[in-house]
Protein chains: 2
Amino acid sequence: MARAGLTPERLVAAAAELADEAGLAQVTASAVARRFDVRAASLYSHIGGTDDLRTGVALLALREMADRVAEALAGRSGRDALAAFAGAYRDYARAHPGRYEAARLPLDHETAMASAGVRHSELARAVLRGYDIAEPDQTHAVRLLGSVFHGYISLEAATGFSHTPVDSDASWQWTLDRLDALLRSGSAG
Amino acid sequence: MARAGLTPERLVAAAAELADEAGLAQVTASAVARRFDVRAASLYSHIGGTDDLRTGVALLALREMADRVAEALAGRSGRDALAAFAGAYRDYARAHPGRYEAARLPLDHETAMASAGVRHSELARAVLRGYDIAEPDQTHAVRLLGSVFHGYISLEAATGFSHTPVDSDASWQWTLDRLDALLRSGSAG
DNA sequence: GCATTTGCCTAAAGCCTGTAGGAAACCTAC
DNA sequence: GTAGGTTTCCTACAGGCTTTAGGCAAATGC
């Protein structure tokens, strides 16, 4: 019997594809095994189980998003940086909905601290450097950015904002404009 | 054999409790049956199955949230209304995390239109009446409110914003202040 | 070439979903 | 009060996913 060449990395990569195609709920040891033409039991020497697989997808997504956001941010500041930051997340979520979904899985503290999650808040702070906001307002602003972009993306994914005639892209631009103005009003708030 | 008195309403109510106690993922036909000391197969004449049960929790949560938000909004306007609106959602999510989670489930279009979901956007528009914002900006603003509050609540639930010394309530108040100012700057963009 | 390690296998137990058909409890009405 | 009909819950079963245990075959190393 020829070997399939299973590794944790390849299993997680397949799980990520499956998540994007069919949703995170379909990411199971069984379904991933099927992709490799292998029995489900064979995965268990490489990964801990279904939860592990999903956590792996989450960590992959956090890394990939941080990479893309960092790239989008290079050489930009102010409103440009804000739009690039937000756009990178939105584009990623649209291209990889299952991975994005996985990225919102709760991680235990240790795993979270070792993940690319920490880079995300650093990147948000990089955006805010264009706005001259001191602590503790800077932390508040990091949370605001995370909230509004994650919130928008997740509502857009769920509903598509589809039951009104107003275009979602227009709302996105409007939101970026207003956030830019909000941040520009600075620590003086 | 004494009858357990199963009804769709009682099953959904038990599912909602279970969701709050153990998370939406634990809401299964099996687990709910256990609560009634009944075989899982017995549920299937009352509800369609596990998905139905979760959808039922979602619809319940949407109704309950709309009720609470409407009550919180009564007699308020401006920043007061904004804070009451946002606070009602946040309080509900903290008191009923599983129901809140369920409320974000995607519903098919028909179900969504018949749900209390439509009341939520009406309530957001009620808050915005205190700010004199015309269409299409009003729609943009409805989406912004939904995004930022849902985003904040879901990030707060996932991470507790716990790995920094800055208090989450302080960020919440800061966010309300800034949003109030943002909306007050009005249609003048 | 032979021994060891590694990789995938089969087997099996346990839990969950959902369908089918049966029996007991409840209701209605005579 | 009891006969008939309906409702409610039951048992039985088929099928899927998870995960552990133990085996054989392929790859690796000496």
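All chains are named by letter (A, B, ...) in the order of the sequence lines, taking the proteins before the strands, and each is independently numbered beginning at 1. If you're wondering where the values come from, they're calculated on a predicted model, not measured in any experiment.
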Computed from five pairs at either end and rounded to 10 degrees, the angle between the axes of the helix from C:dG1-D:dC30 to C:dC30-D:dG1 is 10°
Check for me, please, whether A:Leu24 and A:Leu155 land in the same ILVMFWY cluster - side-chain distances under 4.5 Å, paths through other members count.
no
Minimum side-chain heavy-atom gap B:Arg10-B:Phe36 below 4.5 Å
yes
Show every side-chain hydrogen bond (donor to acceptor under 3.5 Å, both in side chains) that has at least one partner inside residues 84-104 of chain A, sequence neighbours left out.
A:Asp20-A:His96, A:Asp20-A:Arg99, A:Glu64-A:Tyr92, A:Glu64-A:Arg99, A:Tyr89-A:His120, A:Arg90-A:Glu156, A:Arg90-A:Asp169, A:His96-A:Arg99, A:Tyr100-A:His150
Go through the steps to decide whether A:Leu145 and A:Leu179 satisfy the test side chain to side chain contact (heavy atoms under 4.5 Å, CB included), and finish with yes or no.
CA-CA 9 Å; A:Leu145 292 184; A:Leu179 271 182; 4.2 Å; yes
Nearest-Å distance, CG (B:Leu6) to C1' (D:dT8)?
8 Å
A:Thr7: partners by side chain to side chain donor-acceptor pair (under 3.5 Å), with sequence neighbours left out
none
List in numerical order all residues of residues 36-52 of chain B for which some heavy atom is under 4.0 Å away from an atom belonging to DNA chain C.
B:Ala41, B:Tyr44, B:Gly49, B:Thr50
Return the set of residues passing side-chain contact (heavy atoms from CB on, under 4.5 Å) with A:Ala126 (not counting sequence neighbours), or none when no residue passes.
A:Leu73, A:Arg129
Pairs meeting criterion salt bridge (Lys or Arg N to Asp or Glu O under 4.0 Å) with involvement of residues 21-39 of chain A, two or more places apart
A:Glu17-A:Arg35, A:Glu21-A:Arg35
Could you work out, with side chain to side chain donor-acceptor pair (under 3.5 Å) as the rule, every residue matching A:Arg125, not counting sequence neighbours?
A:Glu135, A:Gln138, A:Thr139
For A:Ala25, all residues meeting side-chain contact (heavy atoms from CB on, under 4.5 Å), sequence neighbours excluded
none
What side-chain hydrogen bond (donor to acceptor under 3.5 Å, both in side chains) pairs are there with at least one residue in residues 43-58 of chain B, not counting sequence neighbours?
none
What is the minimum heavy-atom distance between B:Leu6 and B:Ser42, and which atoms define it?
CD1-O, 4.1 Å
Pair listing, salt bridge (Lys or Arg N to Asp or Glu O under 4.0 Å) test, anchored in residues 73-84 of chain B, at least two apart
B:Arg79-B:Asp177
Short heteroatom pairs, N/O only, protein and nucleotides 2-7 of chain D, under 3.5 Å:
unit_1 : atom_1 : unit_2 : atom_2 : d
D:dT7  : O2     : B:Arg3 : NH2    : 2.7

Expected list for residues 15-33 of chain B near DNA chain C, using heavy atoms below 4.0 Å, is B:Thr28, B:Ala29, B:Ser30
